[in-house]
Amino acid sequence: MKPDFIPAYDPQEGALRARELFEETFAAKPEGVWRAPGRVNVIGEHTDYNGGKALPLALPHAIYVALRVREDDQLKIISEDFPQLSVHSLLELAKNYPASGPGAFVGGVILGLKQVLEDNGHPEKAQALAQKVPGLEVAIASSVPLSAGLSSSAALECAIAVGIDDLASLGLAGSFEGRKLLVEAGKVAENRYVGAPTGGLDQSASMLCEQDRVLELDCATWQTRSHPFDLPALGLSLLVIDTCTSHDLADGQYGARRAACEEAAQVLGVKELGELIPKDITPSDNLTDLEAADYPPSWVQSQLDKLEDTEQVSRVRHVLTEIARCQRLCELLEAGADLDQWRELLDASHESLRRDYEVTCKELDVAVEAARGAGAYGARMTGGGFGGCAIALVRSDQLEATADAILDAFTKAGFNQPRFLSALPSAAAGRVE
Ligand code: GLA
């Protein structure tokens with residue numbers, strides 16, 4: 001059996017698919033087509049809602065939406081993946097949420113953006129949005145696998161966000177500050193209208209990442225810095241392994257991790273755990289050998305000593321060391337490609353998520369083990385976990401062989417057949433046509 005690689009649509013193809021689906025469904029031309037990418041996070045997992053750091057890149061796999069404004073409050077949504085037209089009322093969603101179905105994402109972004117504009121001193125833009133986009137017809141084409149932990153939800157939110165920004169002539173996507181408001185709208189959509197208590201990493205990645213680069217995201221200040229990540233120049237590829245196991249961030253497990261962190265922060269007397277990270281993390285701090293006596297570093301241990309609850313101890317150990325690992329990798333990226341150190345950090349991140357945060361599953365662990373066995377420069381789960389995807393940094397000429405080894409390991413373990421993607425850092429959300 002050969003490994004199954006999921007291709008990305010190039011922007012013209014994605015736009016064509018969304019436009020044709022729109023025309024077939026609504027017997028009219030859309031007003032435009034917008035694209036927003038899925039993401040993988042290189043390191044810094046479950047740090048965003050703790051005011052820590054993350055390091056995502058935008059995938060070439062993206063969601064394309066063809067849109068047309070409606071005069072009434074209806075949201076009519078069709079998707080290549082769910083070919084039945086789904087119809088929702090925006091006014092109803094404004095009163096009854098969280099809700100399910102695609103209307104919660106699409107309507108959630110419209111309502112979320114209106115709220116964000118009002119809260120940030122742009123009442124005239126909020127009014128323009130309400131007047132110019134009372135309802136919407138939407139056709140969706142996607143090359144981002146759904147519910148795989150690659151942020152298909154955030155990609156949909158961001159594609160809608162850049163779309164309605166244009167349709168209401170708000171001009172937000174043209175500036176970094178404006179884009180941050182669109183990120184915020186996606187977060188409100190997800191937290192309030194969909195009911196998933198996620199932390200903003202995914203929307204930031206889809207809206208702010210750059211081609212050939214990774215985005216250092218400081219989730220305490222929401223400031224960003226981009227770092228070079230030109231993998232082809234290094235002869236490297238980032239292999240994404242979709243374990244094809246279910247992954248649902250609204251099912252309570254994700255929320256439970258978040259709650260444990262918030263409770264621990266209270267005990268430790270800070271608003272967010274990220275505040276406990278020292279300005280300088282010294283190179284001698286052990287962040288990678290989880291079995292060693294000096295793990296975690298003393299500045300982490302001294303906080304853990306103040307906690308009584310053993311679950312909180314493990315969760316905080318992960319969060320603090322993971323933020324520090326992310327910071328260290330950012331420093332390394334600026335200094336050049338030290339592949340041994342990259343490997344140690346990526347591998348340790350996975351072990352910490354497995355042992356201390358307990359968000360991996362057997363499929364993710366087997367994928368990571370098999371990738372390492374095939375010679376990867378580091379492998380780890382990516383995203384929320386509980387299923388979903390892992391990543392492995394591999395030599396480009398070893399991409400297929402690594403996928404083969406993982407496929408083999410899955411077959412032996414009796415798991416579902418995994419699928420693969422190759423992740424070249426791509427551009428952020430925007431208009432295609
Ligand atoms: C999911 C959430 C993000 C983030 C990651 C874990 O992708 O949507 O906000 O918390 O999990 O890093």
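Remember, it's 1-based here, ligands and their atoms both numbered in the order they're listed.
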Polar atom proximity, Thr47 to ligand 1 (N or O, under 3.5 Å): no

Kindly confirm or rule out an N or O of His46 lying under 3.5 angstrom from an N or O of ligand 1. yes

Under a plain distance cut-off of 3.5 Å, with no hydrogens placed, do [Y] and [X] share a side-chain donor-acceptor pair?
X	Y	result
Asp165	Trp34	no
Asp309	Gln312	no
Arg380	Ser349	yes

Would you mind listing which atoms of ligand 1 come within a distance below 4.0 Å of any non-hydrogen atom of [X]?
X	answer
Asp48	3 (C), 4 (C), 9 (O), 10 (O)
Glu45	6 (C), 12 (O)
Gly199	9 (O)
Gly200	9 (O)
Thr198	2 (C), 8 (O), 9 (O)
Tyr49	10 (O)

Compute the minimum heavy-atom distance from Arg39 to ligand 1 and say whether it is under 4.0 Å. yes

Inspect the surroundings of [atom1] in [X] and state if more than 12 heavy atoms from other residues, nucleotides or ligands are less than 6.0 Å away.
X	atom1	value
Phe82	CZ	no
Gln266	CD	no
Lys114	NZ	no

In sequence, state the C-alpha distance, the side-chain angles, and the governing distance for Glu400 and Phe5, and then conclude on side chain to side chain contact (heavy atoms under 4.5 Å, CB included). CA-CA 9 Å; Glu400 292 272 341; Phe5 273 82; 4.0 Å; yes

